[in-house]
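In what follows, a structure is listed as structure tokens, so that the remarks can point back to it.
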Amino acid sequence: ETAVFQTPNYHVTQVGNEVSFNCKQTLGHDTMYWYKQDSKKLLKIMFSYNNKQLIVNETVPRRFSPQSSDKAHLNLRIKSVEPEDSAVYLCASSLFEQYFGPGTRLTVL
Amino acid sequence: GDSVTQTEGLVTLTKGLPVMLNCTYQTTYSPFLFWYVQHLNEAPKLLLKSSTDNKRTEHQGFYATLHKSSSSFHLQKSSVQLSDSALYFCALSEMSNYNVLYFGSGTKLTVEP
């Protein structure tokens, strides 16, 4: 049963454009995350929010900016995308163990 | 910093055989280890978790034991099925850092008839 929802499922764009991805969780968790899964399937933490506050910000280019309106929503904006941003972006939420959304696949041409 | 190592990138087995996927970790904190399974085009899903030294944990026929002395949390199954074909990730949780997960590089398990 899906409890972490992500939109869109796929997005194709060109270098230099801005994109935004949305994530919503209905589990009542306080903590949400963005992970990046690259073409080699490597999973790496990007950001973590706890109750709307940014608490973890790994080494991520400044063109990436997370946004949270409330503890159930966490969005990700990428200004001026680059080819290496092509990946699957996975949102997760956690009380302790993490539950992942289905991901948004970004392709940058 | 924290890190997780999975030595096998690709494992191919015949149905019915046993499997062991290796996972070792490095951390300066008290470890909490996880195994996640990701089927093709799906989200990673939790398979196993443990923070208790030398205690076997089991789920869906898979099992693992956290050994703090050797910093290991290997995943095992006695008889693999076709439906076990997937990507398996070992992950370390940094509980002091809001449970952020640090993943190994993953092992792709392919089970053949």
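Nothing here was measured: the structure is a model prediction, and the numbers come from that model. Below, chain A is the first sequence line, B the second, and so on; all start at residue 1.
Using cut-offs of 30° and 60° on the angle between ring planes, the pair A/Phe96 and B/Phe34 is tilted.
The CG atom of B/Leu46 sits 9.5 Å away from atom CZ of A/Phe100, with the distance rounded to the nearest 0.5 Å. A distance of 7.0 Å separates CD in A/Gln98 from OG in B/Ser93, rounded to the nearest 0.5 Å. The CZ atom of B/Phe103 sits 11.5 Å away from atom CG of A/Leu42, with the distance rounded to the nearest 0.5 Å. How far OH of B/Tyr36 is from CD of A/Glu97: 6.5 Å, rounded to the nearest 0.5 Å.
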query: Given B/Gln38 and A/Gln37, is the side-chain contact (heavy atoms from CB on, under 4.5 Å) satisfied, shown in steps?
result: CA-CA 12 Å; B/Gln38 186 177 29; A/Gln37 187 168 34; 2.9 Å; yes
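For A/Leu43, the parts lying under 4.5 angstrom from a heavy atom of chain B are both the backbone and the side chain. In this structure, chain A has heavy atoms under 4.5 Å from both the backbone and the side chain of B/Leu101. With a threshold of 4.5 angstrom between heavy atoms, A/Gln6 does not approach chain B through any atom at all.
Taking each heavy atom of A/Gly101 and B/Ala43 in turn, the nearest pair found is O-CB, 3.0 Å. Taking every heavy atom of both residues into account, A/Ile45 and B/Tyr102 meet most closely at CG2-CE2, 4.0 Å.
No path of Ile, Leu, Val, Met, Phe, Trp and Tyr side chains, each step under 4.5 Å between heavy atoms, connects B/Leu21 with B/Tyr63, placing them in separate hydrophobic clusters.
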